[in-house]
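See below for the structure under consideration.
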Number of protein chains: 4
Amino acid sequence: MSAFEKIKKMRTEIGKKEWAIAEGYIPKYGTGKEPEFTSHETACILNANEQEAQVEIFIYFSDRDPIGPYKVTVPAKRTRHVRFNDLNDPEEIPRGTDYASIIRSDVPIVVQHTRLDSRQAENALLTTMAFPGNQ
Amino acid sequence: MSAFEKIKKMRTEIGKKEWAIAEGYIPKYGTGKEPEFTSHETACILNANEQEAQVEIFIYFSDRDPIGPYKVTVPAKRTRHVRFNDLNDPEEIPRGTDYASIIRSDVPIVVQHTRLDSRQAENALLTTMAFPGNQ
Amino acid sequence: MSAFEKIKKMRTEIGKKEWAIAEGYIPKYGTGKEPEFTSHETACILNANEQEAQVEIFIYFSDRDPIGPYKVTVPAKRTRHVRFNDLNDPEEIPRGTDYASIIRSDVPIVVQHTRLDSRQAENALLTTMAFPGNQ
Amino acid sequence: MSAFEKIKKMRTEIGKKEWAIAEGYIPKYGTGKEPEFTSHETACILNANEQEAQVEIFIYFSDRDPIGPYKVTVPAKRTRHVRFNDLNDPEEIPRGTDYASIIRSDVPIVVQHTRLDSRQAENALLTTMAFPGNQ
């Protein structure tokens, strides 16, 4: 079996349908060339399934009701690195504000959280897998 | 169903009632504008439930008995990013000292650990999900 | 029993046969002495078994079909820190492009994801355990 | 019940008896004031039990047999942040070399992996929970 055939037949159901990220913060400003070095907070989503994933993101705050759902589609066998900075429907996520998020999908996905903080001359990076729900 | 109705009806029980963070260290000093760039160690807590979470934090050391509980309330459908620096009842957490923590709640929560280290001109960041207990 | 005998007899089956890393990005350039400070993205694999691990890596993109498998062998009781930068069969992983990966093995392994970003004068580091599948 | 009585009665069995860290690397040099800013790699261990933990650390390499066990004791209700740099019995862990580790305990513990890299003027930090075994 050729590599091409193998990748075509490769099947996996890895992932969960619900994920949580308790940490969230989009800095108000950054330094460096945009958009590569714009401060950003990202939910990296992998959909390894053979069907498209309909994803909904809900944002939680410390002092107001949650907002959402932000709707994101991830095609079959694709990854999508969603920048929270870019979400604007139903509304923009406020800058300089603590938040958290829950991410739901109709098929199993894998979610990893990453932040690039460019408020200073040298960038700082952080990442962690999101916390998976039971399903 | 409108987005508003959907967010109102959104239910989840994601999380656990007990979490551990084995790493803890509040640097003795920092650089940069306070409080944004004060060195800090944070437990980001997400309570996605429809009821308030009563949270207790216990701090463990290398050479003395643990202290606590520090009591924190996280309202329903809210996040709270707790800075260990700010905990002062029953006592302040000593600076420049290794510690670890256990976080307990009466309802399921999600806990993520983050540190901003500003001892030098450029910040360093780290994050990880805390380790969940069985319940 | 001597330390030597103990390490010889030490057995473990820790790990899983399938892992996912949702975040992937090889910067286009870096600064500093190569190869130590070349920007790189790494999958650190631990094979604590008594038999060799046959590992296959599949790379997912946002806008094209996945590629792979990249074949890696990890001998018994060895670790191998695989730099995605070095993978070139069936093809090089493009720089400056979002990707994700799935890693499969015929025996249980442990996979941890690390990136050194040296695009700026001071390096940034990130790490997280990969997300384990059910097997 | 007073805070003192509560902390005395606080019981938990959080943790596992086996953990793996697939990434390991002690840089050959660092900058800054020692030992605070010495490059170091740490396994932060939390023993929240009421009995002492007898811990053994095994180090795996890419091109030689594993070494160990390094024996570490963590008293009841204590944390110990073990620097791999300091381990020297049965032998020092070589600098500038990829390694991985397995950590075993006779009682449940929680293990978190942290590295401070001070090879450059500004430090970089990384952390992740270690990967837990089944027990």
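Every chain is numbered from 1 and lettered A, B, ... according to where its sequence line falls, protein lines coming before strand lines. Computed from a prediction, not measured in an experiment: that's the story for all the values here.
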Task: Engaged part of A:Phe131 at the chain B interface, taking heavy atoms whose separation is under 4.5 Å - done: both
Task: Pair B:His113-A:Glu23, side-chain donor/acceptor within less than 3.5 Å - done: no
TODO: Name the option with the most non-hydrogen atom pairs under 4.5 Å to chain A; the candidates are B:Lys16, B:Arg80, B:Gln112.
DONE: B:Gln112
- [ ] With a 4.5 Å cut-off on heavy-atom pairs, point out which of B:Ala130, B:Cys44, B:Pro108 contacts chain A the most.
- [x] B:Cys44
Open item on the list: Counting heavy-atom pairs under 4.5 Å with chain B, which one of A:Ala100, A:Gly96, A:Gly133 comes out on top?
Closed with: A:Ala100
Task: B:Arg78 and B:Glu52 ion-paired at < 4.0 Å - done: no
- [ ] Taking only Lys NZ, Arg NE, NH1 and NH2, and the carboxylate oxygens of Asp or Glu, determine whether A:Glu56 and A:Lys17 approach each other closer than 4.0 Å.
- [x] no
Task: Side chain / backbone / both / neither for B:Thr114 at chain A, heavy atoms under 4.5 Å - done: side chain
- [ ] Can you tell which part of B:Pro132 gets under 4.5 Å to a heavy atom of chain A, answering side chain, backbone, both or neither?
- [x] side chain
TODO: Would you please indicate yes or no on a ring centroid separation below 6.0 angstrom for A:Phe84 and A:Tyr99?
DONE: yes
Open item on the list: Measuring from atom CZ of A:Arg104 to atom CZ of A:Phe58, what distance do you get when rounded to the nearest 0.5 angstrom?
Closed with: 6.0 Å
